[in-house]
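What follows is a single structure, written as structure tokens, with notes after it.
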Number of protein chains: 2
Amino acid sequence: MKEGPDIAQIAALIGDPARANMLTVLMSGKALTVSELAEEAGVTIQTASSHLSKLNDGGLLRPRKQGRHKYFSLASDQVAYVLEGLMGLAAGSGHLRKRTGPKDVELRQARVCYNHLAGDMGTQLFDSLMGQGHLVLTKEDLILTDRGAAFVADLAIDVDGLRKARAPLCRECLDWSERRSHLAGSLGRAFLSRFEDLLWAKRDQKTRVVIFSRSGADAFNRLFPVNG
Amino acid sequence: MKEGPDIAQIAALIGDPARANMLTVLMSGKALTVSELAEEAGVTIQTASSHLSKLNDGGLLRPRKQGRHKYFSLASDQVAYVLEGLMGLAAGSGHLRKRTGPKDVELRQARVCYNHLAGDMGTQLFDSLMGQGHLVLTKEDLILTDRGAAFVADLAIDVDGLRKARAPLCRECLDWSERRSHLAGSLGRAFLSRFEDLLWAKRDQKTRVVIFSRSGADAFNRLFPVNG
DNA sequence: CTTATGCTTCGATTAAGGTCGAACCATGAA
DNA sequence: TTCATGGTTCGACCTTAATCGAAGCATAAG
């Protein structure tokens, strides 16, 4: 009578209102802290912590620690697919994406974060590299694939030289405004440096804003398409 | 906090073990009576009746009365799609049933997913149709090309008749074992039905396994080559 | 009619788990 | 160091709902 995987356990995880609210909020793709998710779900932090550890044990979330904050995001896009399907069943349609109002447009768009690119374009860079299979996220590490190495070499970035340095080549970094991953590590720094060399972008010295030229932005979008 | 459709309620419906068992059995596409589903789920008929009315209220089932029997089947292939997705999550999260019996191998090879072909051969069918240009995936829809329509017509499948029905002709369904797309929708059902008519394959009545004959498999592989 | 079968409803029991207060642990700041 | 903050663990309370016995309907057969 029982064939295949046990869907009851996973479905029961999603089936609790508080947990479902958390998952729905995380559909935005952002990573949120325990406190924020507690607020969204309308429960106390203790309760939220319990829920989140259960969701995590069920493989639905991906946790990341940064300082004394703990960020949670959906484990994979497959999770998002299933959630979307459930929404479809629940109401047929009408899923609304919430968007935070842009405060400082330029800072949100592109800025420097420890010498690598952050903000909207930073996450686009990261997502595009992931989507094209140039980066692969394993259990703990972010790895540059062979295809990715060739891709980077085409940009005239000395990958082997970077590999010789003791600093990690690829690292994920979570930034404040987007709450999503972008590429840090020596490769992240090399990317930004290369963008400056190519005159695609330059940094504003007074602020952390990175200004892309018209043609630079075009080239960037061509090389790192959003749905890549 | 109540934004969008309530996925908690629908997920909670699937989240009960007894109900999940019933839904899993119904993935075969067959319509079953209350008694049969009670048997499958391992509960009494009263309990099953209660569960089934809840699933029905949730829009997951389609009931049909025939004499003093009441038959239930899945409400739509969208329900099956979500269930398959949940199976994928469950299989990936380590909640997979450890005992990898011979039945699991057969299930992975070829099985029924709401009356269409799933498993290894299901994805082969899909990939081959895509590779030969018979199917095209647009932004939202999966479309049968003119060449594809001719190809299907050669198989003595009445495409125009299927098009007249309100059910979608082509649809993607994500496979839990393969984690890839296979063909659902009325065309997917028509394919499997045709395979049975041609005596290429037959369904195991107790499980969701689809058994291909030697010559049937050969013909299948000739018509839908892996690299096609 | 009577009888049998398939299913539903009602009610009581019982097990599961969501919830929060309080205490505890870990990290960062002063 | 001390203090503040974000998160976890523990324990007790309490709501929810799964379960089945028993009775009630409905349909079909004799």
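Here the structure is a predicted model, which is why all the values come from computation and not from measurement. Per chain, numbering begins at 1; letters A, B, ... match sequence-line order.
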> Is any side-chain N or O of B:T47 closer than 4.0 Å to OP1 or OP2 of D:dT19?
Replying inline: no
> CD of B:Q9: more than 12 outside heavy atoms within 6.0 angstrom?
Replying inline: no
> With respect to the side chain of B:V43, which nucleotide from C:dC7, D:dG6, D:dC20 is positioned closest?
Replying inline: D:dC20
> Among D:dG7, C:dC20, C:dC7, which nucleotide sits nearest the side chain of A:V34?
Replying inline: D:dG7
> Within this structure, what is the NZ-to-P distance between B:K70 and D:dA28, rounded to whole angstrom?
Replying inline: 15 Å
>> From CD of B:E39 over to C1' of C:dC7, roughly how many Å is that when rounded to an integer?
In response: 16 Å
Protein and nucleotides 11-17 of chain D: nitrogen or oxygen contacts under 3.5 angstrom:
none

>> Tell me whether the side-chain N/O atoms of A:K65 come closer than 4.0 Å to OP1 or OP2 in D:dG6.
In response: no
> Closest to the A:H69 side chain: C:dC20, D:dT19, D:dG7?
Replying inline: D:dG7
> Does A:S128 reach the main-chain N or O of A:P225 with its side chain, forming a donor-acceptor pair under 3.5 Å?
Replying inline: yes
> Of the nucleotides C:dT9, D:dT8, C:dG6, which one has an atom closest to the side chain of B:Q46?
Replying inline: C:dT9
>> Applying a 4.0 Å non-hydrogen cut-off, can you work out what B:S53 is touching in the nucleic acid: base, sugar-phosphate, or nothing?
In response: nothing
> Hey, does A:N221 have a side-chain heavy atom less than 4.5 Å from the side chain of A:Q124?
Replying inline: yes
>> A side-chain contact here means heavy atoms from C-beta on lying under 4.5 Å apart; do A:M121 and A:F212 qualify?
In response: yes
> Which whole-number value in Å describes the distance from B:N21 CG to D:dT19 P?
Replying inline: 10 Å
> What is the distance from CD of A:Q66 to P of C:dA26, rounded to the nearest Å?
Replying inline: 20 Å
> Hey, is B:E84 close enough to B:R208 for a salt bridge, meaning N to O under 4.0 Å?
Replying inline: yes
> Taking the side chain of A:R68 as heavy atoms from C-beta outward, which of D:dG6, C:dG6, C:dT8 is closest to it?
Replying inline: D:dG6
> Aromatic ring centroids of B:H182 and B:F126 under 6.0 Å?
Replying inline: no
>> In whole Å, I'd like the distance from the CD1 atom of B:I45 to the P atom of D:dA18.
In response: 19 Å
> In whole Å, what is the span from the CZ atom of A:F72 to the C1' atom of D:dG6?
Replying inline: 12 Å
> Would you call B:E196-B:K202 a salt bridge at under 4.0 Å N-O?
Replying inline: no
> Can you tell me how far P of C:dC7 sits from CG of B:N56, to the nearest Å?
Replying inline: 14 Å
